[in-house]
**Q** 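There's a structure below that I have some questions on.
Chain A is the first sequence line, chain B the second, and so forth, proteins listed ahead of strands; every chain is numbered from 1. As the structure is a computational prediction, the values presented were derived from the model and not from experiment. Values reported hereafter were calculated over all heavy atoms of this structure, with side chains retained and with hydrogens, waters and symmetry mates removed.
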Amino acid sequence: MTHPNGRLTRRFYRRDPVTLAKALLGQVMVRTLGDGLRLAGRIVEVEAYLGTPDQAAHTYNGRRTARNESMYADGGHAYVYFTYGMHHCVNVVAQTRGVGTAVLVRALEPVEGIDAMRRHRAGKITADRLKETDLCSGPAKLTQALAIDRALDGVDLVTADALHIERGGRVAPGHIVTAKRIGVAYAGRWADEPLRFYVKGNPHVSRR
DNA sequence: ATGACGATTTACT
DNA sequence: GTAAATCGTCATA
């Protein structure tokens, strides 16, 4: 069952987005930079996007453009998009080619390469003053910390070195909190669907 | 060609 | 709590 190198298998990803979202909690997202440095974090918060019927999804009503094309890739690929003129967010594609469902990774608990994450996140506040809970506690914070941008859109997480996911501990159902998704008020009744999942009590979960 | 809009974050009042 | 930042993308014309 476990892949030799510890990565999640294609089979793991090819499930419905809700099942995949919950299964991704506890797994470890790994970003390998050009110089070989590894940046890694345990996934502690995710949201499921259900595709064609889901008004909050980029693939709502079958919308298919150059921007969201990779959301239609086979399960296990990355869908990275740019938004608000300054932020990137990363999704894990679910199911199979042509379906258009995915899981947005909203927060990580830093595990490896924390100093580099601090440097990537430093701005007005210097790297040494950043709290660890400010590094990956939001979908655009974690992409900044791990240096993830559109250059990684469409990569296959099953085979790529630059970005992949390794097996971590599974989070027991009793430790998973279910809630409404964030930032999708425009989505009508879909804004209230319980499609956000996070690890109960984890300090790295995005606030609200 | 143009305009409106974000699956957000940060800084400020 | 409120608002600014900031621009690629897409629907409309």
Side-chain angles (χ1 to χ4, degrees), chain A residues 16-18 20-22 24-25 29 41 43-73 75 77-95 99-108 110 117-154 157 163 177-198 203-208:
Chain A
D16 73 87
V18 171
L20 176 61
K22 291 189 257 193
L24 280 172
L25 292 175
M29 175 165 273
I43 299 173
V44 297
E45 180 183 356
V46 294
E47 283 178 356
Y49 284 83
L50 311 195
T52 301
D54 183 357
Q55 204 172 153
H58 289 169
T59 51
Y60 173 56
N61 202 26
R63 200 161 73 86
R64 189 165 186 161
T65 65
R67 180 205 195 204
N68 70 7
E69 178 58 31
S70 58
M71 193 165 158
Y72 288 98
H77 284 74
Y79 165 42
V80 181
Y81 66 88
F82 181 67
T83 190
Y84 289 106
M86 62 190 94
H87 299 303
H88 292 279
C89 294
V90 61
N91 291 254
V92 175
V93 178
Q95 297 180 287
V99 181
T101 57
V103 175
L104 171 69
V105 180
R106 288 194 55 91
L108 303 175
M117 290 186 195
R118 282 183 191 289
R119 276 184 262 116
H120 294 159
R121 288 278 300 139
K124 281 249 168 53
I125 301 161
T126 56
D128 55 306
R129 292 201 165 254
L130 272 172
K131 290 177 295 188
E132 198 161 303
T133 50
D134 284 330
L135 301 181
C136 300
S137 55
K141 293 182 184 177
L142 73 90
T143 55
Q144 187 179 14
L146 301 203
I148 293 171
D149 62 21
R150 280 224 106 197
L152 292 170
D153 180 50
L157 301 172
L163 184 65
V177 177
T178 300
K180 295 195 292 191
R181 291 175 295 186
I182 292 176
V184 296
Y186 58 84
R189 82 167 180 84
W190 286 90
D192 300 318
E193 290 293 306
L195 295 171
R196 175 182 174 226
F197 309 98
Y198 61 91
H204 297 88
V205 168
S206 67
R207 53 187 168 57
R208 190 160 296 204

**Q** So do the side chains of A:Asn91 and A:Met71 get within less than 4.5 Å of each other, counting heavy atoms only?
**A**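 No. Closest side-chain heavy atoms not under 4.5 Å.
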
**Q** Between A:Lys131 (NZ) and B:dT10 (P), how many Å, whole number?
**A**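 In whole Å, B:dT10 P and A:Lys131 NZ are 11 Å from each other.
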
**Q** Separation of A:Asp149 atom CG from C:dT6 atom C1', in whole Å?
**A**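 My rounded result for the distance is 17 Å.
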
**Q** More 5' along DNA chain B: A:Ala102 or A:Gly123, using each one's nearest nucleotide?
**A**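 Final value for this comparison: A:Ala102.
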
**Q** Would you indicate what A:Ala56 reaches in the nucleic acid, counting non-hydrogen atoms under 4.0 angstrom: base, sugar-phosphate, or nothing?
**A**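 Base contact.
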
**Q** For A:Gly85 and A:Ala66, take the nucleotide of DNA chain C holding the closest heavy atom to each; which residue's nucleotide lies nearer the 5' end?
**A** A:Gly85

**Q** Between atom CE in A:Met86 and atom P in B:dG6, what is the gap in whole Å?
**A** 15 Å

**Q** Just the rounded figure in Å: distance from P of B:dT9 to CZ of A:Phe82.
**A** 14 Å

**Q** Return no unless some side-chain N or O of A:His87 is found under 4.0 Å from OP1 or OP2 of B:dT9.
**A**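 Checking B:dT9 against A:His87, no side-chain N or O comes under 4.0 Å of OP1 or OP2.
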
**Q** Rounded to whole Å, please give me the gap between CG in A:Leu130 and P in B:dT9.
**A**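 After rounding, the gap between these two atoms is 14 Å.
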
**Q** Taking only side-chain nitrogens and oxygens of A:Arg207, does any of them come within less than 4.0 Å of OP1 or OP2 of B:dT8?
**A** no

**Q** Mind calculating the distance between CZ (A:Arg129) and C1' (B:dT10) to the nearest angstrom?
**A** 18 Å

**Q** Write down the partner of C:dT6 under the Watson-Crick or G-U wobble criteria, each distance required to be under 3.5 Å.
**A** none

**Q** As an exercise, state the distance from CG of A:Leu130 to NE2 of A:His120, rounded to the nearest 0.5 Å.
**A**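 Output value for this atom pair is 12.5 Å.
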
**Q** Taking any heavy-atom pair under 4.0 Å as a contact, classify A:Arg67: base, sugar-phosphate, or nothing.
**A**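 Sugar-phosphate, backbone atoms only, no base.
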
**Q** Please report, rounded to the nearest Å, how far the C1' atom of C:dA5 is from the NE2 atom of A:His88.
**A** 15 Å

**Q** Need to verify one output field. Residue with the more 5' nearest nucleotide on DNA chain C, A:Arg64 or A:Tyr84?
**A** A:Tyr84

**Q** Compare side-chain N and O positions of A:Arg121 against OP1 and OP2 of B:dT10 and report whether any pair is under 4.0 Å apart.
**A**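 For B:dT10, OP1 or OP2 has a side-chain N or O of A:Arg121 closer than 4.0 Å.
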
**Q** CZ of A:Arg63 versus C1' of C:dG8: gap in Å, rounded?
**A**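 Value for this atom pair: 12 Å.
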
**Q** For A:Val205 versus A:Ser137, what's the shortest heavy-atom pair and its separation?
**A** O-CB, 4.2 Å

**Q** I'd like to check, for A:Tyr49, whether its ring lies over the base of B:dA7 with centroids under 5.5 Å apart and a plane angle smaller than 30°.
**A** yes

**Q** To the closest 0.5 Å, what do you measure between CG (A:Asn61) and CG (A:Asp54)?
**A** 11.5 Å

**Q** Using a strict threshold of under 4.0 Å (side-chain N to carboxylate O), is an ion pair present between A:Arg181 and A:Glu193?
**A** no

